[in-house]
Number of protein chains: 4
Amino acid sequence: MTFPSNSDSVSGEQLRAFIERIERMQEERAAISDDIKEIYAEAKGNGFDTKVMRIIVKERGMDRAERLETESLLDIYRAALGMSGPIDDE
Amino acid sequence: MTFPSNSDSVSGEQLRAFIERIERMQEERAAISDDIKEIYAEAKGNGFDTKVMRIIVKERGMDRAERLETESLLDIYRAALGMSGPIDDE
Amino acid sequence: MTFPSNSDSVSGEQLRAFIERIERMQEERAAISDDIKEIYAEAKGNGFDTKVMRIIVKERGMDRAERLETESLLDIYRAALGMSGPIDDE
Amino acid sequence: MTFPSNSDSVSGEQLRAFIERIERMQEERAAISDDIKEIYAEAKGNGFDTKVMRIIVKERGMDRAERLETESLLDIYRAALGMSGPIDDE
DNA sequence: CACTGGAAAATGCCGC
DNA sequence: GCGGCATTTTCCAGTG
């Protein structure tokens, strides 16, 4: 067994090809993640608050439906807990 | 450039630029994730068991990571013992 | 060496005691984390949206100063990006 | 307020109960974290190097985790190969 | 006291 | 559709 021309080795080659393609893509993806971190770092270096920036990015990434859904549920939950208004200045 | 004359928008352009760069990279990253999914799907279509494939990918990744991990643990120990540098003629 | 009554073994005992106390506390802490997860699961089982619940918990956990600070920065950033109003129905 | 008979508040009480349980547990957890800090401080006061102590704690934790980790990795393999149960007389 | 790194939490994904 | 797993993100403690 393990002869070059039998069916096992053929699938083996194919499998290896798939695995390596995946690994390559994963590396690329990780590199991009690093880039994103760098951009945030750069923004921070320019005086921006990255925490707030992340919220903004998330907001923009949500589509309208999602956003409304979450907002209205939040309102309902807040109301149920009596957290409705800004008037809780003890 | 970036006419600062309006105090509100002092860093608005810059902020926008950062945000858009981030969004662009996130899109790229998402695209790659999709590619990875496609590869798995393709492999599945060729009769491979994706579950096993994922294990293999993970294992190879850990093997590679483990080497570095060991190194860095050594570094921690050295640091804790004040042996940071190769020359310990303090 | 390693005689019971020399200074080394005394510190050794003391060190062991410290370490074990720490480990005990860490376990307790982990157990509580698990409990929290369970509560969320239970809430989910009762039809609540845990994602929204987590936002609520976070909001309540923030003190007023923090909350106002974050909110006002968000407004500033949104304004800088022209995300001010709900009137972006393209 | 928060009268049971108001349909809006149907689950308000329940929600409040969940939230408060969570907040309570979070406080307990934070208290334990403080305790851990205190123990380190105490050890430091007794002449121990907390940096080294942390390494030891981490190491012991990893050793323990590693046993379980290996077990669970085995489980994954078994599952992937359809060997889930101890009796494979299918 | 800001930064970095590592732990913990949250989100999304896959398989059942 | 749900539960569990993997990844990603967030947070926090330690460090310089």
Side-chain angles (χ1 to χ4, degrees), chain A residues 22 25-26 29-30 32-38 40-42 44-45 47 49-55 57-58 61-62 66 70, chain B residues 22 25-26 29-30 32-34 36-41 43-44 49-55 57-59 61-62 65 68-69 72-73 75-76 79-80 84, chain C residues 22 26 29-41 44-45 47 49-58 61-62 66 70, chain D residues 22 25-26 29-30 32-41 44 49-55 57-59 61-62 65 69 72-73 75-77 79-80 82 84:
Chain A
I22 290 165
M25 310 245 77
Q26 285 185 342
R29 189 174 52 178
I32 293 178
S33 288
D34 288 348
D35 289 346
I36 293 175
K37 270 183 216 137
E38 275 181 54
Y40 275 116
E42 195 185 337
K44 181 178 202 159
D49 181 322
T50 59
K51 182 181 175 185
V52 174
M53 282 179 69
R54 286 174 195 276
I55 295 174
V57 169
K58 183 177 282 188
M62 273 184 163
E66 242 178 315
T70 300
Chain B
I22 289 165
M25 310 245 75
Q26 285 186 342
R29 187 174 53 179
I32 293 177
S33 289
D34 287 348
I36 293 174
K37 270 181 227 160
E38 275 181 53
I39 300 177
Y40 275 115
K44 185 174 201 161
D49 181 327
T50 59
K51 193 173 192 175
V52 174
M53 282 179 68
R54 285 174 195 277
I55 292 173
V57 170
K58 170 179 296 191
E59 233 195 3
M62 295 208 319
L68 305 177
E69 188 57 32
S72 94
L73 194 59
D75 290 344
I76 293 173
S84 340
Chain C
I22 289 165
Q26 285 185 341
R29 190 173 51 177
I32 293 177
S33 289
D34 287 348
D35 289 346
I36 293 175
K37 271 182 215 139
E38 275 182 52
I39 299 177
Y40 275 116
K44 180 177 201 161
D49 182 323
T50 59
K51 182 181 175 185
V52 174
M53 281 179 68
R54 286 173 195 278
I55 294 174
I56 295 273
V57 169
K58 181 177 285 188
M62 273 184 163
E66 242 178 313
T70 300
Chain D
I22 289 165
M25 311 245 74
Q26 285 186 343
R29 189 174 52 180
I32 293 177
S33 288
D34 288 348
D35 289 346
I36 293 175
K37 267 182 227 157
E38 276 182 51
I39 300 177
Y40 275 115
K44 185 173 201 162
D49 180 329
T50 59
K51 192 174 190 174
V52 173
M53 281 180 68
R54 285 174 195 279
I55 293 173
V57 170
K58 173 177 293 189
E59 231 197 5
M62 295 207 318
E69 187 57 31
S72 93
L73 194 59
D75 290 344
I76 293 173
Y77 273 71
S84 338

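Just so it is clear: chains get the letters A, B, ... in the order the sequence lines come, proteins before strands, and each one is counted from 1. The figures that follow rest on heavy atoms only: side chains count, while hydrogens, waters and symmetry mates do not.
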K.L.:
Atom CE of Met25(D) to atom C1' of dA9(E): distance rounded to whole Å?
P.N.:
17 Å
K.L.:
Return the value, rounded to whole Å, for the distance between atom OH of Tyr40(C) and atom C1' of dT11(E).
P.N.:
14 Å
K.L.:
Rounded to the nearest Å, what distance is computed from the CD atom of residue Glu38(A) to the P atom of nucleotide dC3(E)?
P.N.:
16 Å
K.L.:
Between C1' on dG5(E) and CG on Leu68(B), what's the gap in Å once rounded to a whole number?
P.N.:
16 Å
K.L.:
Got a sec, which residues hit side-chain hydrogen bond (donor to acceptor under 3.5 Å, both in side chains) with Glu38(B), two or more places apart in sequence or on another chain?
P.N.:
none
K.L.:
Hey, is the side chain of Thr50(B) poking within less than 4.0 Å of OP1 or OP2 on dC14(E), counting only N and O atoms?
P.N.:
no
K.L.:
For nucleotides 3-13 of chain F, read 5' to 3', which letter fits each nucleotide if B means a protein heavy atom sits under 4.0 Å from the base, S means only the sugar-phosphate is that close, and - means neither?
P.N.:
---S-SSSS-S
K.L.:
What residues form a side-chain hydrogen bond (donor to acceptor under 3.5 Å, both in side chains) with Asp35(D), not counting sequence neighbours?
P.N.:
none
K.L.:
According to salt bridge (Lys or Arg N to Asp or Glu O under 4.0 Å), who are the partners of Lys44(C), at least two apart in sequence or on a separate chain?
P.N.:
none
K.L.:
Apply side chain to side chain contact (heavy atoms under 4.5 Å, CB included) to Lys58(A) and Ile55(A), showing your working.
P.N.:
CA-CA 5 Å; Lys58(A) 183 177 282 188; Ile55(A) 295 174; 5.7 Å; no
K.L.:
Could you pull out all residues at least two apart from Asp75(B) that satisfy side-chain hydrogen bond (donor to acceptor under 3.5 Å, both in side chains)?
P.N.:
Arg78(B)
K.L.:
Please list, chain by chain and in numerical order, all residues satisfying side-chain hydrogen bond (donor to acceptor under 3.5 Å, both in side chains) with Ser33(D), sequence neighbours excluded.
P.N.:
Arg29(C)
